[in-house]
Amino acid sequence: MKKLVTFIMLVAAMFVSTLAFVQSANAEELKMVGTITKIELAADGKSATAVLKDSKTEALVTITVTDELTLDKFKDKRIVEGDEIRTKYEKSGDTNTSKMFKKTAGC
């Protein structure tokens, strides 16, 4: 009886972990280094969109930034157009949402 209960618990744990993996696989996390070509702060100040030119492919990528630290850096001009940025972002459909947004030279 103990073996049956253990087996059922093991199967249930595997099922739950598989569901968690499938749900997180919907959004793709990407990394990129690029130069900022345009920054637009939202009127309410709670988000911004930054257009980066990928240093490898030369493609323009629009990223939505919502974290307060990066928004403060945009507002007080510590991050400006022309800066080289290292970013991690989550691609979900047509939207790219920033997870990390930092200058490559520090700060």
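Values below: every heavy atom of this structure, side chains too, minus hydrogens, waters and symmetry copies.
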First locate atom OG1 of Thr66, then atom NZ of Lys99, and finally report the distance between them rounded to the nearest 0.5 Å.
7.5 Å

How many angstroms lie between CD in Glu29 and OG1 in Thr97, if you round to the nearest 0.5 Å?
11.0 Å

Please tell me whether Leu30 and Ile36 are part of a single hydrophobic cluster in this structure, the criterion being side-chain heavy atoms less than 4.5 Å apart.
yes

Look at the side chain of Thr87 and the backbone N and O of Met100, then say whether any donor-acceptor pair between them is shorter than 3.5 Å.
yes

Kindly determine whether Asp54 and Lys56 satisfy salt bridge (Lys or Arg N to Asp or Glu O under 4.0 Å), including the steps that lead there.
CA-CA 6 Å; Asp54 190 352; Lys56 291 182 181 177; over 6 Å; no

Could you tell me the separation between the NZ atom of Lys53 and the CD1 atom of Ile85, rounded to the nearest 0.5 Å?
15.5 Å

What I'd like to find out is whether the side chain of Lys38 reaches to under 4.5 Å of the side chain of Thr62, using heavy atoms alone.
no

Given side chains that start at C-beta, do those of Leu71 and Leu41 come closer than 4.5 Å, heavy atoms only?
yes

Are the side chain of Ser55 and the backbone of Val33 linked by a donor-acceptor contact shorter than 3.5 Å?
yes

How about Asp44: does its CG atom have over 12 heavy atoms from other parts shown lying under 6.0 Å from it?
yes

Just wondering, do Phe101 and Leu52 contact through their side chains at under 4.5 Å, heavy atoms?
yes

To the nearest 0.5 Å, what is the distance between OG1 (Thr6) and CE (Met9)?
8.0 Å

From Ile39 CD1 over to Lys75 NZ, what is the distance, rounded to the nearest 0.5 angstrom?
13.0 Å

Separation between OG1 of Thr104 and NZ of Lys102, rounded to the nearest 0.5 Å:
12.0 Å

Which of these, Thr70, Asp72, Asp83, sits in a side chain to side chain contact (heavy atoms under 4.5 Å, CB included) with Arg78?
Asp72

